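Values below: all heavy atoms of this structure, side chains included; hydrogens, waters and symmetry mates excluded. Please read these numbers as outputs of a predicted model, since none were measured by experiment.
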Amino acid sequence: MSSVKQLALFLVLLIIYLIVVLGNLTIIFLVCLVSKLHTPMYFFLCNLAIIDITSTSTCVPKLLMILLTQDHRISFRCCITQMFFYILAASGEIFLLTAMAYDRYVAVCKPLLYYTLMRKNVYFVMAASTWILSTLNSLTHTIHASTLQFCISHGINNFYCDLNTVIELSSTDVTSHKMYLFLEATTIALVQFLLTIVSYIFIISAILKIRSSAGRMKAFSSCTSHLITVILFYGPFMFLYLKPQSEDSKNQDMLLSMLYLLVVPMLNPLVYSLRNKEIVGVNLKHTLLNTTSTYKHPIE
């Protein structure tokens with residue numbers, strides 16, 4: 001690749017990265033400071049923004065440095081650290097999207113019980129469980145990967161230290177570990193995905209029972225942002241980790257990784273900002289001055 005093309009790619013990736021960070025920081029800032037956004041859905045959205053910043057910041061700065069300096073080296077310690085935070089963010093998003101699906105299920109199917117079932121200590125525990133389970137999952141993989149034997153130097157056929165790519169470079173037999181990795185990723189991803197699907201089956205069933213078309217549209221619109229986020233996440237994720245690995249798929253894996261690490265975190269704040277009137281119409285100054293809390297229907 002010529003220096004001009006590398007510089008152009010560097011600038012494009014830098015702009016996208018800044019959009020990702022600033023967009024998600026804006027979501028965090030608004031949710032923390034605007035009182036009418038202090039609801040379970042936006043609390044989960046704030047956690048999603050933290051995860052998106054974590055996943056992108058784990059890999060993209062190193063890629064930018066490679067493009068800028070042409071230094072492709074990364075130490076084993078940095079590689080393991082990068083792997084830990086990447087798995088942490090990926091696992092966290094899987095669990096968090098399921099928690100958000102449950103939140104939408106309660107809001108649509110049990111609206112009168114919403115603020116009882118989704119009281120503050122409940123959604124705090126749900127979010128804390130997401131981070132704890134993700135940390136344990138990430139620690140399990142990174143500790144095992146760090147104990148594998150490697151030669152002095154290896155070339156990684158990716159722009160970040162992906163777990164699948166790293167264990168393939170080990171000089172020890174990793175057949176059992178690769179099998180465990182596939183089964184564990186399949187189990188976690190599919191179980192959480194099925195729970196999300198089940199939630200939406202109940203949600204759609206409840207929406208269809210609403211007599212007025214305006215009521216059905218209002219209920220469905222309260223779920224569209226989350227539904228779009230689920231599709232954006234699980235689309236590239238399923239193709240990236242649940243398909244059979246082959247030499248011909250390496251370039252495709254890199255494109256999917258780029259989509260997952262840059263495009264999806266960039267679109268998430270836009271999806272929630274454009275689809276939710278609470279964020280679009282927020283008057284920050286007025287809301288900060290007026291902290292009086294009022295009851296609000298969960299699907300509004």
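Here CD1 of I19 is found 11.5 Å from OG1 of T26. Values are rounded to the nearest 0.5 Å. Atoms CZ and CG, from F10 and L68 in turn, are 4.5 Å apart once rounded to the nearest 0.5 Å.
A donor-acceptor distance shorter than 3.5 angstrom exists from the side chain of R119 to the backbone of T116, with no hydrogens or angles considered. Looking only at distances, a side-chain donor or acceptor of S138 sits under 3.5 Å from a matching main-chain atom of F84. H38 places a side-chain N or O within 3.5 Å of a backbone atom of C32 that can act as its donor or acceptor partner. Between the side chain of N24 and the backbone N or O of P265 there is at least one donor-acceptor pair closer than 3.5 Å. Listed for the S91 side chain is no donor-acceptor partner under 3.5 Å among the backbone atoms of L88. Remark: the backbone N or O of W131 is not paired with any side-chain donor or acceptor of S134 at under 3.5 angstrom. Distance alone, capped at 3.5 Å, places no donor-acceptor pair between the D103 side chain and the A99 backbone. Between the side chain of N137 and the main chain of L133, no donor-acceptor pair closer than 3.5 Å is present. Without hydrogens or angle criteria, R216 side chain to I207 main chain gives no donor-acceptor distance under 3.5 Å.
Aromatic ring orientation, F44 versus Y123: perpendicular (interplanar angle above 60°, classes split at 30° and 60°).
Nearest heavy atom pair, residue F43 against residue A127, reads CE2-CB, 3.4 Å.
Annotation: side chain of V108 is in contact with side chain of C223 (closest heavy-atom distance under 4.5 Å). Between Q192 and Y234 there is a side-chain heavy-atom pair separated by less than 4.5 Å. Between I27 and C46, every side-chain heavy-atom pair lies at or beyond the 4.5 Å cut-off. Residues E184 and I188 form a side-chain contact, since some pair of their non-hydrogen atoms from C-beta on lies under 4.5 Å apart. Contact check for L113 versus V106: no side-chain heavy atoms found under the 4.5 Å cut-off. A heavy-atom distance below 4.5 Å is found between the side chains of Y160 and L261.
The other members of the hydrophobic cluster of L195, by chain and number, are V191 (side-chain heavy atoms under 4.5 Å, ILVMFWY only).
Looking at L13, L14, L11, L7 one by one, the single match for side-chain contact (heavy atoms from CB on, under 4.5 Å) with L67 turns out to be L13. Remark: of the listed residues I231, L232, V230, L232 is the sole one forming a side-chain contact (heavy atoms from CB on, under 4.5 Å) with I228.
The side chain to side chain donor-acceptor pair (under 3.5 Å) contacts involving residues 52-69 comprise Y17-S57, D52-N268, where partners must be two or more places apart or lie in separate chains.
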Exercise for the section: Go through L45 and L37 one step at a time and tell me if the side chain to side chain contact (heavy atoms under 4.5 Å, CB included) criterion holds. Expected result: CA-CA 10 Å; L45 178 59; L37 299 182; over 6 Å; no
Exercise for the section: Would you please test C161 and C79 for disulfide bond (SG atoms under 2.5 Å apart) and show each step? Expected result: CA-CA 6 Å; C161 290; C79 184; 2.1 Å; yes
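A side-chain donor-acceptor contact under 3.5 Å links Y200 and H226.
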